[in-house]
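Treat the numbers as computed from the prediction; the structure is a model and nothing was measured. Along the sequence shown, residues carry numbers from 1.
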Amino acid sequence: MEQKKVTVPDLARMKAAGERITMVTAYDCTFARLIDEAGVELLLVGDSLAMVVQGHDTTLPVTLDEMVYHTRMVARGRKRAIVVGDLPFGSYQVSPAQAVESAIRLVKDGGAETVKLEGGVHMADTIAAITAVDIPVMGHIGLTPQSVHRMGGHRVQGRRHGHNPGGRERLLEDALAVEAAGAFAVVLEAIPLDLAAEITAKLTIPTIGIGAGAHCDGQVLVSHDLLGLSSWVPRFGKRYAQLADEVVRATRTFVDEVRGGQFPTEAHAFQPAPPVAVNAK
Ligand code: KIV
């Protein structure tokens, strides 16, 4: 049975009804099709692709052109879920006008329906500018990987007695600013679960957690972690399959069969065409 397309207003209804929202990253058409078929509400073309697809140590190097390219592939593969295009580092921090142009590219050239950006209070004007041109924006606060150098690594944010005193209050202010600026949802990454619960209760827009505990309105995972394709998974991630082992096993079997002469067999080959009869006169 064809499932109904998910829309941005559906997510607000889900929060109001206490229904949990799911988001998973995808970076190409094949995985977008499969993850969409599994029934998630949101497909995130995350800038995590810099790390899990491109092999960088941080999310910083991926470009807007590359994000547009991958978003286009994901948009081709999905039928039902909302496609969220992540604005990469450097494509929105210069000015709200730059952010609007980058968001338009992700929508117009990439086929994204919504965009995501990192930052709270200091990004409020930018979120407002993008929503003013009718592109729905998802915020992202807490551990914001594009700020890795300021944070001194990928660290949990907003701990009461953490390395950054006052971080808890600041995160609450960030969440409220993102909502007031017009975002339709906000990712809470790597923050204590009681703070995530407090933010979730205070906001009218859905919170989507990753390493933020069970009280968020939804959860997001990086597909390579969920599927067991990454070489390591953060403490807050969970592997639901071990596809890396399957990839190695299947490929090794192919290599062995080619070397041993078991593949290809006659079943995989084409017979030569029968000779064409020539009329001898
Ligand atoms: O880029 C990404 O995959 C993300 C998620 C971790 C939320 O931003």
Side-chain angles (χ1 to χ4, degrees), residues 6-24 40-42 44 46 82 84 86-87 92 96 99 103 113-132 134-147 150-151 154-221 234-237:
V6 185
T7 65
V8 168
D10 288 337
L11 303 177
R13 276 195 286 278
M14 287 180 75
K15 171 157 179 146
E19 291 169 29
R20 294 285 162 97
I21 297 165
T22 53
M23 176 161 85
V24 173
V40 297
E41 282 77 32
L42 295 144
L44 170 64
I82 298 170
V84 186
D86 219 355
L87 285 165
Y92 63 97
E113 296 158 271
T114 67
V115 300
K116 177 169 87 58
L117 59 79
E118 297 181 7
V121 171
H122 66 290
M123 279 296 148
D125 288 350
T126 303
I127 294 172
I130 301 173
T131 55
D134 285 338
I135 298 176
V137 179
M138 177 180 283
H140 182 160
I141 62 170
L143 193 174
T144 45
Q146 292 177 17
S147 320
R150 174 181 55 75
M151 294 182 302
H154 293 104
R155 292 159 174 267
V156 175
Q157 302 294 301
R159 279 196 164 132
R160 261 185 227 284
H161 307 292
H163 64 289
N164 188 5
R168 211 180 150 85
E169 292 67 34
R170 242 191 319 276
L171 276 177
L172 195 47
E173 285 166 19
D174 281 339
L176 293 169
V178 165
E179 169 165 289
F184 73 93
V186 60
V187 169
L188 306 180
E189 179 164 353
I191 66 172
L193 56 84
D194 61 328
L195 176 58
E198 190 181 340
I199 291 174
T200 301
K202 286 217 160 93
L203 296 191
T204 58
I205 58 171
T207 58
I208 316 273
I210 177 161
H215 303 297
C216 299
D217 299 303
Q219 297 292 326
V220 51
L221 280 182
R235 191 167 91 77
F236 53 68

So which of Met23, Met14, Arg20 actually passes side chain to side chain contact (heavy atoms under 4.5 Å, CB included) with Glu41? Met14
Any residue meeting side chain to side chain contact (heavy atoms under 4.5 Å, CB included) with Arg13, in chain and number order, not counting sequence neighbours: Thr7, Pro9, Asp10
Looking at residues at least two apart in the chain, or sitting in another chain, which of them share a salt bridge (Lys or Arg N to Asp or Glu O under 4.0 Å) with Glu19? none
Tell me, please, which residues at least two apart from Glu198 pass side-chain hydrogen bond (donor to acceptor under 3.5 Å, both in side chains). Lys202
Just do the side chain to side chain contact (heavy atoms under 4.5 Å, CB included) check on Val178 and Met123 with the steps written out, would you? CA-CA 8 Å; Val178 165; Met123 279 296 148; over 6 Å; no
Go through it in stages, so that I can follow the logic: the residues are Leu172 and Ile199, the test is side chain to side chain contact (heavy atoms under 4.5 Å, CB included), and I'd like the CA-CA distance, side-chain angles, deciding distance and then a yes or no. CA-CA 6 Å; Leu172 195 47; Ile199 291 174; 3.7 Å; yes
Heavy-atom side-chain contact between His154 and Pro145 under 4.5 Å: yes
Looking only at non-hydrogen atoms, find the nearest pair between Leu171 and Gly142 and report the distance. CD2-N, 3.5 Å
Can you name the side-chain hydrogen bond (donor to acceptor under 3.5 Å, both in side chains) partners of Thr144, sequence neighbours left out? Ser147
Separation between CG of Leu11 and CZ of Phe184, rounded to the nearest 0.5 Å: 6.5 Å
Heavy-atom side-chain proximity of Val24 to Leu44 below 4.5 angstrom: no
Give me each pair satisfying side chain to side chain donor-acceptor pair (under 3.5 Å) with a member in residues 123-132, each pair once, sequence neighbours excluded. none
Can you name the nearest heavy-atom pair linking Ala183 to Gly139, along with the distance? CB-N, 4.2 Å
Contact check, side chains of Ile141 and Leu188, non-hydrogen atoms, under 4.5 Å: yes
Passing option when Val137 is tested against Leu117, Val186, Val84 for side chain to side chain contact (heavy atoms under 4.5 Å, CB included): Leu117
Sidechain-backbone polar pair: Gln157 side chain, Ile191 backbone, donor-acceptor under 3.5 Å: no
Glu189 meets the side-chain hydrogen bond (donor to acceptor under 3.5 Å, both in side chains) criterion, sequence neighbours left out, with His140
Just to verify, what does Gln146 make a side-chain hydrogen bond (donor to acceptor under 3.5 Å, both in side chains) with, not counting sequence neighbours? Asp47, Tyr92, Gln93
Can you give the donor-acceptor pairs under 3.5 Å from side chains of residues 205-215 to other protein atoms, not counting sequence neighbours?
residue : atom : partner : partner atom : Å
Thr207  : OG1  : Thr200  : OG1          : 2.8
Thr207  : OG1  : Asp217  : N            : 3.1
Thr207  : OG1  : Asp217  : OD2          : 3.4

Determine which pairs satisfy salt bridge (Lys or Arg N to Asp or Glu O under 4.0 Å) with at least one residue from residues 114-123, sequence neighbours left out, and list them in order. Asp86-Lys116
Considering all heavy atoms, the nearest Pro96-Ala129 contact: CB-CB, 3.8 Å
Not counting sequence neighbours, list each pair that qualifies as a side chain to side chain donor-acceptor pair (under 3.5 Å) and has a residue in residues 174-183. Glu179-Thr204
